[in-house]
Novice: 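Just passing along the structure, written as structure tokens.
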Amino acid sequence: MNAALFFNLLLNGVIEGLIIGLAALALNLVFAVARFPNTATGDIMTVGAYAGIAVQGLGISSTVLQMLAAIVVCMALCVVLYRLVFRRLQGRSMLAVLLASIGLAFIIRAAVFLIAGPEQRVFQIPLQRAIDIGGVALQPSMLWLAVTAFGCMAVVFAVLFLTSIGRRMRAVADNRALARTSGIDVDRVMVALWLLTGAVCGVAGMVLGINTVVMPENGWNILLPAFAAAVLGGVGSPVGAIVAGLVLGIVQELSTPFVGFTYKIALSFVALIVILAIRPRGLFGAAVKVR
């Protein structure tokens with residue numbers, strides 16, 4: 001493998017890893033506070049991508065406005081799902097809530113098929129000349145996607161660690177009963193959690209759709225790598241989700257010349273197994289104490 005090919009694959013792996021990391025971040029946010037794996041995460045991302053496509057269909061070519069539409073729609077969808085389903089299942093076993101989220105995923109995907117149809121859609125991104133850096137072709141759109149993904153992650157961590165609602169989320173994640181007796185409005189915290197999760201899903205869905213194509217199976221296809229990243233990084237760890245997503249994305253892309261496109265995902269799971277055999281709690285699986 002020559003140096004130019006290596007660095008091109010590395011750049012592609014970073015973008016793929018950021019997409020996986022965003023999806024894993026949405027999974028870990030819910031698991032850390034609500035204590036269940038939300039398997040509808042991928043399909044919520046798909047809804048966000050189609051919201052952007054719908055804005056494009058109105059003749060609005062601004063990617064920023066398409067992104068805002070995706071964020072708003074996903075935030076609204078997440079709050080509706082919480083109000084109608086997940087809040088009613090609080091106190092039930094994790095298995096019950098997990099099965100409910102699986103059912104919601106199928107319902108959302110079927111609704112997308114019914115409304116949008118099975119055909120693939122693409123975002124109309126203006127063509128720009130690639131930036132050549134020593135034989136490495138850097139597409140401006142890739143740079144934009146990376147900045148957007150990192151910006152979303154920065155906002156999430158700012159909310160979690162620099163705001164009062166973020167401190168309340170971490171308190172609820174640490175001990176819900178104690179947080180309630182301390183005067184924290186748990187329901188309000190949960191609404192804020194789902195709003196934040198929806199925003200992440202909206203950005204992740206748009207980034208995934210721009211990087212590839214938009215189709216109803218997008219969210220389902222990204223869900224398995226996202227779960228792998230969530231486990232590898234440490235379940236409930238937002239930082240771990242990002243780092244593990246980057247690791248898996250880069251491993252997948254760098255393995256393409258050796259195992260092909262079809263089997264590259266298998267190698268990332270080999271890396272997952274090896275790391276978990278050494279550190280069963282994941283890269284950042286240590287318990288976090290909340291003051």
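Because the structure is a prediction, the values reported are computed rather than measured.
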Novice: For Ala116, is there any backbone N or O sitting under 3.5 Å from a side-chain donor or acceptor partner on Arg121?
Specialist: yes

Novice: Are Ile102 and Met94 linked, directly or through other ILVMFWY residues, by side chains that come within less than 4.5 angstrom of each other?
Specialist: no

Novice: Could you please spell out the steps behind the side-chain contact (heavy atoms from CB on, under 4.5 Å) verdict for Ile210 and Met206?
Specialist: CA-CA 6 Å; Ile210 293 173; Met206 279 290 297; 3.9 Å; yes

Novice: Looking only at side chains, do Tyr82 and Asp187 share a donor and an acceptor under 3.5 Å apart?
Specialist: yes

Novice: Please find the pair of heavy atoms, one from Cys78 and one from Gly198, that lie closest to each other, and give the distance.
Specialist: SG-CA, 3.5 Å

Novice: Are side-chain heavy atoms of Thr41 and Asn38 found at a separation under 4.5 Å?
Specialist: yes

Novice: Verify the cluster assignment for Leu89 and Ile107: are they in a single hydrophobic cluster under the rule of side-chain heavy atoms below 4.5 Å apart?
Specialist: no

Novice: How far does CG of Leu145 sit from CZ of Phe150, to the nearest 0.5 angstrom?
Specialist: 12.0 Å

Novice: Show your working on side-chain contact (heavy atoms from CB on, under 4.5 Å) between Thr39 and Phe227 and close with a plain yes or no.
Specialist: CA-CA 9 Å; Thr39 55; Phe227 265 116; 3.6 Å; yes

Novice: Should Leu29 and Val156 count as side-chain neighbours, where that means a heavy-atom distance under 4.5 Å?
Specialist: yes

Novice: Would you mind reporting whether Phe113 and Glu217 have side-chain heavy atoms less than 4.5 Å apart?
Specialist: yes

Novice: Just how far is it from atom OG1 of Thr197 to atom CG of Asn28, taken to the nearest 0.5 Å?
Specialist: 10.5 Å

Novice: Does Arg92 have more than 12 heavy atoms from other residues, nucleotides or ligands lying within 6.0 Å of its CZ?
Specialist: no

Novice: Measure up the Phe86 and Trp194 rings against each other and bin them: parallel (under 30°), tilted (30 to 60°), perpendicular (over 60°).
Specialist: parallel

Novice: Report the C-alpha distance between Thr148 and Leu18 in whole Å, list the side-chain angles of each, state the deciding distance to 0.1 Å, and finish with yes or no for side-chain contact (heavy atoms from CB on, under 4.5 Å).
Specialist: CA-CA 10 Å; Thr148 301; Leu18 288 173; over 6 Å; no

Novice: When you look at CH2 of Trp144, are more than 12 heavy atoms from neighbouring residues, nucleotides or ligands closer to it than 6.0 Å?
Specialist: yes

Novice: Answer yes or no: is there a donor N or O on one side and an acceptor on the other, between the side chain of Glu16 and the main chain of Leu248, under 3.5 Å?
Specialist: no

Novice: Would one find more than 12 heavy atoms of other residues, nucleotides or ligands at under 6.0 Å from atom CZ of Arg35?
Specialist: yes

Novice: Working to the nearest 0.5 Å, report the span between OG of Ser61 and CD1 of Ile125.
Specialist: 9.5 Å

Novice: Checking side-chain contact (heavy atoms from CB on, under 4.5 Å) against Ile20, which of Leu25, Ile222, Ile242 comes through?
Specialist: Ile222

Novice: Does atom CZ (Arg188) have a neighbourhood of more than 12 heavy atoms from anything else shown, all under 6.0 Å?
Specialist: no

Novice: Roughly how far, to the nearest 0.5 Å, is CG of Leu254 from CG of Leu9?
Specialist: 6.0 Å

Novice: Are Val30 and Val47 joined in one hydrophobic group, where the rule is that I, L, V, M, F, W and Y side chains link up if heavy atoms are under 4.5 Å apart?
Specialist: yes

Novice: Which pair of non-hydrogen atoms, one from Val203 and one from Met67, has the smallest distance, and what is that distance?
Specialist: CA-SD, 3.8 Å

Novice: Would Val239 and Val14 show up in the same hydrophobic cluster when neighbours are defined by side-chain heavy atoms closer than 4.5 Å?
Specialist: yes

Novice: Kindly check if the number of other-residue, nucleotide or ligand heavy atoms within 6.0 Å of CZ (Phe106) is above 12?
Specialist: no

Novice: Is Arg170 reaching over with its side chain to a backbone N or O of Val33, donor-acceptor style, under 3.5 angstrom?
Specialist: no

Novice: Considering non-hydrogen atoms only, spot the tightest contact between Asp43 and Pro216 and give its length.
Specialist: OD1-O, 4.4 Å

Novice: Grouping I, L, V, M, F, W and Y whenever their side-chain heavy atoms are under 4.5 Å apart, do Val191 and Val97 come out in a common cluster?
Specialist: yes

Novice: Report the distance from atom CZ of Arg109 to atom CG of Asn218, rounding to the nearest 0.5 Å.
Specialist: 11.0 Å

Novice: I'd like to know if the side chain of Asn12 and the backbone of Glu253 have a donor-acceptor N/O pair within less than 3.5 Å.
Specialist: no

Novice: To check you understand the geometry: which heavy-atom pair defines the closest contact between Ala149 and Leu22, and what is its length?
Specialist: CB-CD1, 3.9 Å

Novice: Looking only at heavy atoms, what is the nearest atom pair of Leu81 and Leu104, with distance?
Specialist: CD2-CD2, 4.0 Å

Novice: Before you tell me yes or no, could you show the steps for Gln124 and Gln56 under side-chain contact (heavy atoms from CB on, under 4.5 Å), namely the whole-Å CA-CA distance, both residues' side-chain angles and the distance that decides it to 0.1 Å?
Specialist: CA-CA 8 Å; Gln124 303 299 326; Gln56 178 177 269; 3.6 Å; yes

Novice: What pair of heavy atoms forms the shortest contact from Tyr50 to Glu119, and how long is it?
Specialist: OH-O, 4.1 Å

Novice: Determine whether a donor-acceptor pair (N or O, by modelled atom type, separation under 3.5 Å) exists between the side chain of Asn211 and the backbone of Val207.
Specialist: no

Novice: How long is the span from the CG atom in Asp185 to the CE atom in Met190, to the nearest 0.5 Å?
Specialist: 11.5 Å

Novice: Can you find a pair of side-chain heavy atoms, one from Thr63 and one from Phe123, that are under 4.5 Å apart?
Specialist: no

